[in-house]
K.L.:
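I'd like to ask you about the structure that follows.
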Amino acid sequence: DVVMTQSPLSLPVTLGQPASISCRSSQSLVNRDGNTYLDWFQQRPGQSPRRLIYQVSNRDSGVPDRFSGSGSGTDFTLKISRVEAEDVGVYYCMQGTHWPPWTFGQGTKVEIK
Amino acid sequence: QVQVVESGGGVVQPGTSLKLSCAASGFTFSKYNIHWVRQTPDKGLEWVALIYYDGNEKHYADSVKGRFTVSRDNSKNTLYLQMSSLRVDDTAMYYCTDFDFWGQGTLVTVSS
């Protein structure tokens, strides 16, 4: 199974400042079809997960443009350009290239300093 | 709007069975492959099972293979997860999802 490793696991940030979360996979996530199936999810306190980014860098509908995804191969990043109070929660990466199973990172908890 | 509502969770004893349901609305259910994903505070998010849009192909996590069965009734826009031989470590919030939409989840607690 592909192991997804996120860092940091806890990320205190100042409102209005940028934040960055790293996600590394144990093998390349480039699929035979040429696409890379790496998604990012946000889970606010008390809520279900919500997908923010699919296939590395594509924002889902309604996701603010302060969220961006990048990376390739085994190394991926989620960036928040200016953190807002509503961004507090846990962020997960997930790979869908080598399935089954689909595998998630451990989660990164974003909190306001 | 797109909505999925999970139900059927509860408190059960180890070794028993439970059947979860996921009622879908607001989209053409019969065209979507749907997953079950579970979440615990300790293990985080864990993929459990996938069923193809027509029910003809299914995949399971090793941790549930042989104990859980995913099925669907496209005429009722409903997905199911039959769980048997439940273990304490199956305790989790269970979600149905295509990774774009998620329900609110249904909590399964396995405890003696």
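Not measured: the values here are computed from a predicted model. Protein chains get the first letters and strands the later ones, always in sequence-line order, with residue 1 at the start of each.
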K.L.:
Is chain A contacted by the side chain of Val37(B), its backbone, both, or neither, given a heavy-atom distance below 4.5 Å?
P.N.:
side chain
K.L.:
How far does CD of Gln43(A) sit from CG of Leu45(B), to the nearest 0.5 angstrom?
P.N.:
6.0 Å
K.L.:
Measuring from Arg50(A):CZ to Asp100(B):CG, what's the distance to the nearest 0.5 Å?
P.N.:
10.5 Å
K.L.:
Give a yes or no on whether Lys58(B) atom NZ has more than 12 heavy-atom contacts from other residues, nucleotides or ligands under 6.0 Å away.
P.N.:
yes
K.L.:
Within the structure provided, determine whether Tyr92(A) and Gln39(B) are in side-chain contact (heavy-atom separation under 4.5 Å).
P.N.:
yes
K.L.:
If you group Ile, Leu, Val, Met, Phe, Trp and Tyr by side-chain heavy-atom gaps below 4.5 Å, do Val30(A) and Ile53(A) land in one group?
P.N.:
no
K.L.:
Consider only side-chain heavy atoms of I, L, V, M, F, W and Y, link residues closer than 4.5 Å, and tell whether Leu18(B) and Val70(B) are in one cluster.
P.N.:
yes
K.L.:
How about Arg82(A): does its CZ atom have over 12 heavy atoms from other parts shown lying under 6.0 Å from it?
P.N.:
no
K.L.:
Flag yes if Ile21(A) and Leu9(A) sit in one hydrophobic cluster, no otherwise; membership is Ile, Leu, Val, Met, Phe, Trp, Tyr, and two members link when side-chain heavy atoms are under 4.5 Å apart.
P.N.:
no
K.L.:
Out of curiosity, does Val48(B) fall in the hydrophobic cluster containing Ile34(B) (side-chain heavy atoms, cut-off under 4.5 Å, transitive links)?
P.N.:
yes
K.L.:
Using a cut-off of under 4.5 Å on heavy-atom pairs, state which of Glu46(B), His59(B), Lys43(B), Met93(B) scores highest against chain A.
P.N.:
His59(B)
K.L.:
How are the rings of Trp47(B) and Trp102(A) set relative to one another: parallel (under 30°), tilted (30 to 60°) or perpendicular (over 60°)?
P.N.:
tilted
K.L.:
Is there a continuous path of hydrophobic side-chain contacts, each under 4.5 Å between heavy atoms, that joins Trp36(B) to Trp99(A)?
P.N.:
no
K.L.:
Against chain A, label Phe99(B) side chain, backbone, both or neither, depending on which of its atoms sit under 4.5 Å from a heavy atom there.
P.N.:
both
K.L.:
Which of the residues Trp102(B), Tyr60(B), Phe101(B) is involved in the greatest number of heavy-atom pairs with chain A at under 4.5 angstrom?
P.N.:
Trp102(B)
K.L.:
What pairs with Tyr94(B) under ring pair (Phe, Tyr, Trp, His ring centres under 6.0 Å), at least two apart in sequence or on another chain?
P.N.:
none
K.L.:
By a 4.5 Å heavy-atom criterion (distance strictly below it), what part of Tyr54(A) contacts chain B: side chain, backbone, both, or neither?
P.N.:
neither
K.L.:
Provide the closest heavy-atom pair for Tyr95(B) versus Ser48(A) in the form atom of the first, atom of the second, distance.
P.N.:
CE2-OG, 3.3 Å
K.L.:
If you define the side chain from C-beta out and look only at heavy atoms, does anything of Pro100(A) sit under 4.5 Å from Leu50(B)?
P.N.:
no
